[in-house]
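See structure below.
All values derive from a computational prediction rather than experimental measurement. Note that these values count all heavy atoms, side chains included, but never hydrogens, waters or copies made by symmetry.
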Amino acid sequence: MSTPIAFLKGHGTENDFVIVPDPENALELSRAAVAALCDRRAGIGGDGVLHVVRSAAHPEARAMAGEAEWFMDYRNGDGSVAEMCGNGVRVFARYLQHAGHVAEGDLTIATRAGVRTVHIAKDGDVTVGMGRARLPEGDVTVTVDERSWLARNVNMGNPHAVAFVADLAHAGTLYDAPPVSPRAAYPDGVNVEFVVDRGPRHVAMRVHERGSGETRSCGTGACAVAVAAARRDGTDPAVTGTPATYTVDVPGGRLVITERPDGEIEMTGPAVIVAEGAIDADWLARASG
């Protein structure tokens with residue numbers, strides 16, 4: 001009988017993940033295996049997989065090993081590889097603390113979008129330095145049923161289209177990816193955020209995450225929304241010289257996003273480990289097909 005594979009389950013504002021510790025990168029997690037793990041009926045269930053690997057042991061992260069000991073090898077729920085996941089970084093940091101690899105305070109984590117700085121606070125919240133947003137030029141349009149909206153193209157290490165709408169119900173079911181045009185703006189697909197105002201510098205959003213469908217939260221999406229809202233509201237920190245902080249409500253909770261005048265963005269929110277267990281290695285081998 002094969003040796004069981006350890007896993008944990010965690011979430012950040014109900015954006016949930018299967019956590020697979022694999023410090024030496026000994027596991028081969030195929031796209032099919034990841035999709036099977038994330039299946040909510042036949043697997044463990046999650047919006048994605050956090051594959052926990054030492055940077056020095058992973059070919060995509062070795063160059064970052066001097067800055068960050070640990071690499072977040074993140075996979076979407078359909079098994080595809082993703083550059084970055086903001087809620088995932090917070091849960092990844094919480095796992096490292098849970099496992100005794102780090103303590104409260106500051107640490108760094110390597111991702112495909114670069115090294116991210118993290119602070120684990122005593123009150124349980126985790127703050128992640130999300131880097132700077134890029135705002136590619138050119139209009140994009142999001143369409144649901146008979147409605148269309150001009151959207152802001154924001155890149156947070158992964159691509160986003162942010163549409164401000166009158167009612168979050170206008171986003172529809174979000175079972176399928178909303179059409180975004182021109183398609184050439186997002187050759188590798190896109191995360192789409194639908195946003196309404198709740199008050200001064202306070203918004204709420206729904207999101208269709210590329211490769212996962214609608215999720216309860218999206219950290220990079222919340223950052224993209226705050227960036228888009230600041231430009232819309234005339235509070236761009238690079239122009240005003242003052243940090244812009246937005247509260248972003250997601251279906252799974254609340255995130256606080258601050259963009260500084262130098263363009264650096266920080267995201268603060270909860271991160272929780274809810275369970276530990278073992279994956280049947282033979283089942284996973286069969287699922288890998």
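One distance of note links CZ of Phe71 with CZ of Arg54; it measures 15.0 Å at 0.5 Å rounding. Rounding to the nearest 0.5 angstrom, the gap separating the OG atom in Ser212 from the CG atom in Asn191 is 8.5 Å. Atoms CG and OG1, on Leu150 and Thr141 in that order, are 5.0 Å from each other to the nearest 0.5 Å. Distance OG1/Thr111 to CG/Asp73: 11.0 Å, rounded to 0.5 Å. Rounding to the nearest 0.5 Å gives a distance of 7.0 Å between CE of Met156 and OG1 of Thr220. Rounding to the nearest 0.5 angstrom, the gap separating the OG1 atom in Thr247 from the CD1 atom in Ile257 is 9.0 Å.
The pair Glu193-Arg206 fails the salt-bridge criterion, with no side-chain N (NZ, NE, NH1 or NH2) lying under 4.0 Å from an Asp/Glu carboxylate O. Electrostatic pairing of Arg260 and Asp262 counts as a salt bridge here, judged by a charged N lying under 4.0 Å from a carboxylate O. Ionic pairing of Lys9 and Glu276 is not present here: no N-O contact between side-chain nitrogen and carboxylate oxygen is shorter than 4.0 angstrom.
Glu209 and Thr215 share a donor-acceptor pair across their side chains, judged by distance under 3.5 Å alone. Using a 3.5 Å distance cut-off with no hydrogens or angles, the side chains of His208 and Asp176 do not pair a donor with an acceptor.
At least one side-chain heavy atom of Met72 sits less than 4.5 Å from a side-chain heavy atom of Val89. By the 4.5 Å heavy-atom criterion applied to side chains, Arg210 and Asn158 are counted as neighbours. Looking at Val165 and Val196, their side chains come closer than 4.5 Å, going by heavy atoms from C-beta outward. Using a 4.5 Å heavy-atom cutoff, the side chains of Met267 and Thr127 are not in contact. Between Met205 and Val250, some side-chain heavy-atom pair lies under the 4.5 Å cut-off. Counting only heavy atoms from C-beta outward, the side chains of Val20 and Leu27 approach each other to under 4.5 Å. Considering only heavy atoms from C-beta on, Ile120 comes within 4.5 Å of Arg94 through its side chain. The shortest side-chain heavy-atom distance between Cys223 and Glu266 does not fall under the 4.5 Å cut-off.
Checked by atom type and distance alone, the side chain of Arg62 pairs as donor or acceptor with a backbone atom of Ala56 at under 3.5 Å. Checking side-chain atoms of Ser80 against main-chain N and O of Asn76 turns up no donor-acceptor pair under 3.5 Å. Under a 3.5 Å cut-off, the side chain of Ser181 and the backbone N or O of Arg183 do not form any donor-acceptor pair. Between the Tyr95 side chain and the Pro21 main chain, no donor and acceptor come within less than 3.5 Å of each other.
Among all heavy-atom pairs drawn from Thr143 and Ser148, the shortest one is OG1-OG, 2.8 Å. Minimum heavy-atom separation, Cys218 to Asn15: CA-OD1, 4.1 Å. Of all non-hydrogen atoms in Pro178 and Leu174, the two that sit nearest each other are CG-CD2, 3.7 Å. The minimum heavy-atom distance between Gly45 and Val18, with the atom names listed, is O-CG2, 3.7 Å. Considering every non-hydrogen atom in both Phe7 and Ala278, the closest pair reads CE2-N, 3.3 Å. Scanning both residues, Ala151 and Val142, for their nearest heavy atoms gives CB-CG2, 3.8 Å.
Ring geometry, His58 versus His51: the interplanar angle exceeds 60°, so the pair is classed perpendicular (tilted spans 30 to 60°).
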Name the atoms and distances for all side-chain donor-acceptor pairs under 3.5 Å in residues 225-237, with sequence neighbours left out.
unit_1: Arg231; atom_1: NH1; unit_2: Glu259; atom_2: OE1; d: 2.6
unit_1: Arg231; atom_1: NH1; unit_2: Glu259; atom_2: OE2; d: 3.3
unit_1: Arg231; atom_1: NH2; unit_2: Asp236; atom_2: OD1; d: 3.4
unit_1: Arg231; atom_1: NH2; unit_2: Glu259; atom_2: OE2; d: 3.0
unit_1: Arg232; atom_1: NH1; unit_2: Asp197; atom_2: OD2; d: 3.0
unit_1: Arg232; atom_1: NH2; unit_2: Asp197; atom_2: OD1; d: 2.7
unit_1: Asp233; atom_1: OD2; unit_2: Tyr246; atom_2: OH; d: 2.7
unit_1: Thr235; atom_1: OG1; unit_2: Ala230; atom_2: O; d: 3.4
unit_1: Thr235; atom_1: OG1; unit_2: Tyr246; atom_2: OH; d: 3.1
unit_1: Asp236; atom_1: OD1; unit_2: Ala238; atom_2: N; d: 3.0

Assess whether side chain to side chain donor-acceptor pair (under 3.5 Å) is satisfied between Ser217 and Asn87, documenting all intermediate values.
CA-CA 8 Å; Ser217 180; Asn87 287 319; 2.8 Å; yes
For Leu37 and Trp283: C-alpha separation, side-chain torsions, deciding distance, then whether side chain to side chain contact (heavy atoms under 4.5 Å, CB included) applies.
CA-CA 10 Å; Leu37 288 171; Trp283 170 83; 3.8 Å; yes
What verdict does the side chain to side chain contact (heavy atoms under 4.5 Å, CB included) test give for Thr268 and Leu255, after you've listed the backbone C-alpha separation in whole Å, the side-chain angles of each residue and the deciding distance to 0.1 Å?
CA-CA 6 Å; Thr268 300; Leu255 296 166; over 6 Å; no
Please evaluate residues Val274 and Asp16 with respect to the criterion side chain to side chain contact (heavy atoms under 4.5 Å, CB included), reporting the C-alpha separation (whole Å), side-chain torsions for both, the decisive distance (0.1 Å), and the verdict.
CA-CA 10 Å; Val274 299; Asp16 62 333; over 6 Å; no
Under the side chain to side chain contact (heavy atoms under 4.5 Å, CB included) rule, what do Asp106 and Val118 come out as? Steps first, then yes or no, please.
CA-CA 6 Å; Asp106 299 329; Val118 179; over 6 Å; no
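Val102 and Phe17 fall within a single hydrophobic cluster, where Ile, Leu, Val, Met, Phe, Trp and Tyr side chains are chained together by heavy-atom contacts under 4.5 Å. Residues Leu107 and Ile273 share a hydrophobic cluster, clusters being chains of Ile/Leu/Val/Met/Phe/Trp/Tyr side chains in contact below 4.5 Å. In the hydrophobic clustering of this structure, Met130 groups with Val126; members are Ile, Leu, Val, Met, Phe, Trp, Tyr whose side-chain heavy atoms approach within less than 4.5 Å, directly or through other members. Under a hydrophobic clustering in which Ile, Leu, Val, Met, Phe, Trp and Tyr are joined whenever their side-chain heavy atoms come within less than 4.5 Å, directly or via other members, Tyr74 and Val49 fall into different clusters. By the criterion of side-chain heavy atoms lying less than 4.5 angstrom apart, applied directly or through intervening Ile, Leu, Val, Met, Phe, Trp or Tyr residues, Leu135 is grouped together with Val248 in one hydrophobic cluster.
Val52 pairs with exactly one of Leu8, Asp22, Leu96 by the side-chain contact (heavy atoms from CB on, under 4.5 Å) rule, that one being Leu96. The residue from Arg216, Arg75, Arg40 that alone fulfils the salt bridge (charged side-chain N to carboxylate O under 4.0 Å, His left out) condition with Asp47 is Arg40.
Enclosure of atom CG in Asp145 is not indicated, since only 12 or fewer non-hydrogen atoms of other residues, nucleotides or ligands lie within 6.0 angstrom.
Taking the six-membered ring wherever Trp is involved, the centroid distance between the rings of Phe92 and Trp70 does not fall below 6.0 Å.
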